[in-house]
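The structure appears right after this line, and notes come after that.
These numbers come from the heavy atoms of this one structure, side chains and all, not from hydrogens, waters or symmetry mates. Counting from 1, the numbers follow the sequence of the chain as shown. In this text the structure is predicted, and so the values were computed from the model without any measurement.
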Amino acid sequence: MSLGGEAKVAKNSKRAGEAAPQFLEDDPSTGYLPGRRWPVVRYGLVSLLISAVLVFAIELIVRGDVAGTVSFFLQPLKPGWTTIVVFALILIGLDALLGRSHQSLMIVAPLTLGLAFVGHQKSHYLGDPLYPTDFLYARQIFALLPLLVRERPMTALAMVVGIVVGLSLLVHGWRLWHRKVPALSRKGRLARLTLAVPLLAFFVSIMDYATFSWTRDRLQIIPIMWDQKENYASNGFALAFALNVPMAHVSAPSGYSDKAIAAIDRPRTTASVPDDKPDIIVVMSESFWDPTKLPGVAITPDPTPTVRGLRSGSMFSPEFGGMTANIEFEALTGFSNAFLPAGSIPYQQYVRTPTPSMATFLKSEGYRARAIHPGTNWFWNRGAVYADFGFNDFKSEETLPPMEKRGPLASDAAMTDEIIREADASDDPVFFFAVSLQNHGPYEPNRYNNPTHSVQAPISQWARDSLLSYAEGSADADRGLDRLIEWAKKRERPTIIAFFGDHLPPLGPVYVETGFLKDNVAPRKEPTPEAALEHHETPLVVWSNRSGPIKDLGTVSPAFLPYHILTAAGITHPYYTGFLGEMRERYRVVDRNLLLTPTGQATPDWSRQKEIDPAIRDFQLIQYDMMFGKRHAAPDFFPETVNKVVAHTS
């Protein structure tokens, strides 16, 4: 055999061991001939069909309802069909980048179906849809996984197995696709990009909900940002998710300017603190609520006798079952979530520079401002936020001494011990803000080995056991308050104690089985003001070791807590007691869906009305000015912050 023949045999042998040849789409052997219309039309129709099936699957997973999903697509004016076209364009554009027809499905499908599953779970447990900003705190979701695994171990195991199997199939499919499907030609890739990129860019340009778009309006994509549940139901998961992307930016209120700030009436109140400065201890108790309010439920003995005897009023939580940081934000700053985009979390998105709070003010008056939370310091971004709020220090799991646990989490008793120890050791007056952890959900049955209560209710055994776990935690929180009260009674130094629950607990099926709710969570937009109060009120105690409990506060938003706490302490401030005091005369609840006056007069959907109370407008202008604007209001409303604004480096 000649040398050339041997080389040819060797070359053929080498090819035999290689993967299948990578044909181009214009190779005659593949049928993708240039200039022929059928392959082009077929590719477009198949892309649309794949997109339709994928969008239908996404909606089905999120909604969990076949009839509702079918109805969403049967209505021609619904934006489901626009979503299908957008997905088809995304698939076509990614095909061009990846170099093979329909390979983009292997990226888009797992990603979007996974998001849909997470969105369904969040809606099920917390009543809120999945927002783009949720990924800013994905780390804390993983931190809660041990509790979720403990409650539903078989579900967790099935998820792990499903993820492993899914990834294995995805890798196998990716390699198989490369071997079997011809590569796209340069001309074919360019044609796909030329079609997809401009259309997708135009679509992105019309998705800012803060600006009007004629095209978006014609497509029936209506941003319903004041009611996110309806937003997702009407526009579909994908488009509603996209509409929420711009929430990272907060637009200035209409009319905001230095002149508008100057036109706001200045409070007559100045900053003053008594000579004998009282210690101020604020305890935000995780999910603290009165479980005996559940219909047909009897719990013995009473799990909350201390709070029941000392109760000053109720706190109106802007959240249900979670989002603790949003209640905390209002209680510390005196600002309101009502003026921020629905679904936003200020701790994650907006607190990036020193922001006025009770800690800022009290520290300027010689207080030692301290925060305590037995969880990790990165949870809800508290480490950085507390620094920006002006706290001297923040004791968390990383810096606290070993905390005794009750159940799986650090006990309320151990946190109470730490508060008492640090207060007694301080020569300076102390402002404590403590966030408990023990009674965090989920409330798996048999959470505590030594329950001291019993539950009688016509519900399933699982629901009774879950409710018992919650009741035990509530009783421990109540005992913690009792210990603080008894300790403070013996102190010479004046002491103010405020205690409240951040939101109703995520009891899920317990609510449904007892008839308290129709679903596992309360709706974002309640049908009546009475329903809103029933589902958002938590107990509030404001107590002084000089005068006892402050009574008859009624139901108040967390934003008004600084006013009531500082007033009880005999402290005045231009904003916290001056401006908020005047606001409190007009409204006791300021929520994005409800205004409530001291006499109980309700104004639902106030933010959608043409005329807004000038007092509410002033409230919004001051908050925007101090959080996002040029701080024109600082000298008159927050004098302690003047010339002290520098960005943190955390």
With a 6.0 Å cut-off on the ring centroids, do [X] and [Y] count as close?
| X | Y | result |
| --- | --- | --- |
| H373 | F433 | no |
| F628 | Y350 | yes |
| H503 | F320 | no |

Got a second to check how far [X]'s [atom1] is from [Y]'s [atom2], nearest 0.5 Å?
| X | Y | atom1 | atom2 | value |
| --- | --- | --- | --- | --- |
| I612 | T603 | CD1 | OG1 | 11.0 Å |
| I616 | Q609 | CD1 | CD | 11.0 Å |
| L243 | R216 | CG | CZ | 6.5 Å |

Return yes if some donor-acceptor pair links the side-chain N/O of [X] with the main-chain N/O of [Y] below 3.5 Å, else return no.
| X | Y | value |
| --- | --- | --- |
| D605 | R608 | no |
| R218 | S213 | no |
| T528 | A531 | yes |
| W606 | V590 | no |
| T355 | T353 | yes |

Worksheet item: In terms of side-chain heavy atoms, does E330 have a donor or acceptor partner in N326 at a distance below 3.5 Å?
Response: no
Discussion item. Looking only at side-chain N and O atoms, does T376 offer a donor or acceptor that is under 3.5 Å from a partner on E398?
Written reply: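 Per modelled atom types, E398 and T376 side chains form no pair under 3.5 Å.
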Worksheet item: Given L98 and S104, is the side chain to side chain contact (heavy atoms under 4.5 Å, CB included) satisfied, shown in steps?
Response: CA-CA 7 Å; L98 296 173; S104 56; 4.2 Å; yes
Discussion item. Are the side chains of F339 and F619 in contact, using a 4.5 Å heavy-atom criterion?
Written reply: yes
Practice prompt. Taking the side chain as every heavy atom from C-beta outward, state whether S287 and H440 have any atom pair closer than 4.5 Å.
Written response: no
Worksheet item: Between R406 and E472, does at least one N-O distance fall below 4.0 Å, as a salt bridge requires?
Response: yes
Worksheet item: Is R189 salt-bridged to D95, going by a charged N under 4.0 Å from an acidic O?
Response: no
Item to complete: Step through the shown structure and confirm whether more than 12 heavy atoms of other residues, nucleotides or ligands are within 6.0 Å of NZ on K405.
Response: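 Atom NZ in K405 is not packed in, count stays at 12 or less.
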Discussion item. Restricting to side chain to side chain donor-acceptor pair (under 3.5 Å), what partner residues turn up for Q438, sequence neighbours left out?
Written reply: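 Q438: side chain to side chain donor-acceptor pair (under 3.5 Å) contacts with Y448, D476.
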Atom pairs and distances, donor-acceptor, side-chain atoms in residues 44-61, under 3.5 Å, two or more places apart:
{"residue": "S47", "atom": "OG", "partner": "Y43", "partner atom": "O", "Å": "2.9"}
{"residue": "S51", "atom": "OG", "partner": "I84", "partner atom": "O", "Å": "2.5"}
{"residue": "S51", "atom": "OG", "partner": "A88", "partner atom": "N", "Å": "3.3"}
{"residue": "E59", "atom": "OE1", "partner": "R63", "partner atom": "NE", "Å": "2.8"}
{"residue": "E59", "atom": "OE1", "partner": "R63", "partner atom": "NH2", "Å": "3.1"}
{"residue": "E59", "atom": "OE2", "partner": "F237", "partner atom": "N", "Å": "2.6"}

